[in-house]
Amino acid sequence: MTSKFQSVALLARKSNPDNIATLQAVIACLEDYQLTIIIEQETAKLLPEINWPVVPREQLGNQCDLFIVVGGDGSLLNAARCAADCQKPVLGVNRGRLGFLTDVHPDEFASKFKEVLAGDYLEEQRFLLDAHISQPSESIYFDSALNEVALLPGDVAHMIEFSILIDDQFVCSQRADGLIVATPTGSTAYALSGGGPILHPQLNALVLVPICPHTLSSRPLVVGGDSEIKLIVDKHRYKAPQLSCDGHIRRSVQTGETIVIRKKPQTLRLIHPLDYNYFDTLRTKLHWENTGIIKQC
């Protein structure tokens, strides 16, 4: 079988030993197709006896045609920035709980991967966000996020006062525990638990979700995906609030600093099996009822 995927990079979260058996099964499947396998450096710690090259994550994109991520959505989030930067597609094998992004079941990997190699798959583009922290003299790049950029309290929960501007137009000043700026992909993550709406992943939109706002009239706001969001920390009473991308790497934000959030130029190329259905995923993962006549059709 000929395929445009000749070399595959494997990534998994090393903190989860349950990934080992699935990784070994995936490797055996890839070897059957005589593909070149590259193991991400941290993932290799789960596999002490391997005969394949071990490569740091930042170098994977130069040596592979496809990323395969074994784990949950968090594992795919960790790989998303690297895959987006090098524009290599990602296939997720679900070993987590929800699996909105990693949608191939381990027991089905062999059959699904055969279809992928034959070119029978769906590919969609998911956009990410870039976050910068602007100071009077410079703009410091912070990080990228597939799900959300969040302004959060420090170690102690307390109210933050901040202003929101969208495309340099003042929206409002808020007193809240923070704010979540989420992509459609992230609308089923932290933003959903904060009371935000579910956005279809193909929408070019962002949702701003206040965290515990100090006014009942403060509600989630959906804006265009090409909008530039600016958050200015007006003042805080205790420790400085922190900025986080996809739940990782927090950085303190000082009074007067401006957080600038905009769409990342590169997108994530996400691969799904042909039978992938977004609404079926929502229904299953969120335990929506399926008792009507339509399910018989």
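The chain is numbered in sequence order, starting from 1. Every value quoted in this text rests on a predicted model; they were computed, and no experiment measured them.
- By the side-chain contact (heavy atoms from CB on, under 4.5 Å) test, Thr267 pairs with Gln87, Gln125, Phe127, sequence neighbours left out.
- Applying the 6.0 Å contact sphere to CG of Asn51 captures no more than 12 heavy atoms from other residues, nucleotides or ligands.
- Screening residues 199-233 for ring pair (Phe, Tyr, Trp, His ring centres under 6.0 Å), with sequence neighbours left out, gives His200-Tyr278, His200-Phe279.
- With a 4.5 Å cut-off on side-chain heavy atoms, Leu286 and Leu192 count as touching.
- Hydrophobic clustering, with ILVMFWY side chains joined whenever heavy atoms are under 4.5 angstrom apart, groups Val253 together with Val181.
- Counting only distance, with no hydrogens or angles, the side chain of Arg126 and the backbone of Thr185 share no donor-acceptor pair below 3.5 Å.
- Applying the ring pair (Phe, Tyr, Trp, His ring centres under 6.0 Å) test to every pair with at least one member in residues 247-272, sequence neighbours left out, gives these pairs: His272-Tyr276.
- For the pair Leu10/Ile68, a side-chain contact is recorded, criterion being any heavy-atom separation below 4.5 Å from C-beta on.
- Salt-bridge formation is not detected for the pair Lys114/Asp120: no Lys NZ or Arg NE/NH1/NH2 atom is positioned less than 4.0 Å from an Asp or Glu carboxylate oxygen.
- Clustering ILVMFWY residues whenever any of their side-chain heavy atoms sit less than 4.5 angstrom apart, transitively, puts Leu30 in the very cluster that holds Ile20.
- In terms of modelled atom types and a separation under 3.5 Å, the side chain of Ser134 and the main chain of Thr258 share no donor-acceptor contact.
- Looking at Ser7, its side chain does come within 3.5 Å of a backbone N or O of Asp65 through a donor-acceptor pair.
- Between Leu231 and Ile164, some side-chain heavy-atom pair lies under the 4.5 Å cut-off.
- Take Gln242 and apply the side-chain contact (heavy atoms from CB on, under 4.5 Å) test, not counting sequence neighbours, and it matches Arg250, Ser252.
- Other members of the cluster containing Val260 do not exist, because no ILVMFWY side chain is joined to it at under 4.5 Å.
- Contact annotation: the side chain of Pro197 approaches that of Val222 to within less than 4.5 Å [non-hydrogen atoms, C-beta and beyond].
- Asn147 contributes no side-chain N or O that, together with a main-chain N or O of Asp246, makes up a donor-acceptor pair within less than 3.5 Å.
- Separation of atoms OG1 (Thr188) and CG (Asp73) is listed at 7.5 Å; rounding is to 0.5 Å.
- In this structure, the side chain to side chain donor-acceptor pair (under 3.5 Å) partners of Gln174, at least two apart in sequence or on a different chain, are Ser218.
- Hydrophobic clustering of Ile, Leu, Val, Met, Phe, Trp and Tyr side chains at less than 4.5 Å, counting indirect connections, unites Ile27 with Val54.
- Looking at Lys263 and Asn204, their side chains come closer than 4.5 Å, going by heavy atoms from C-beta outward.
- Ionic pairing of Arg81 and Asp130 is not present here: no N-O contact between side-chain nitrogen and carboxylate oxygen is shorter than 4.0 angstrom.
- Between Leu129 and Ile229 there is no side-chain heavy-atom pair separated by less than 4.5 Å.
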Criterion salt bridge (charged side-chain N to carboxylate O under 4.0 Å, His left out) on Arg175 and Asp234, from CA distance to verdict: CA-CA 10 Å; Arg175 298 179 69 227; Asp234 296 330; over 6 Å; no
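- Listed for the Thr183 side chain is a donor-acceptor partner under 3.5 Å among the backbone atoms of Leu146.
- Considering only heavy atoms from C-beta on, Phe67 comes within 4.5 Å of Cys86 through its side chain.
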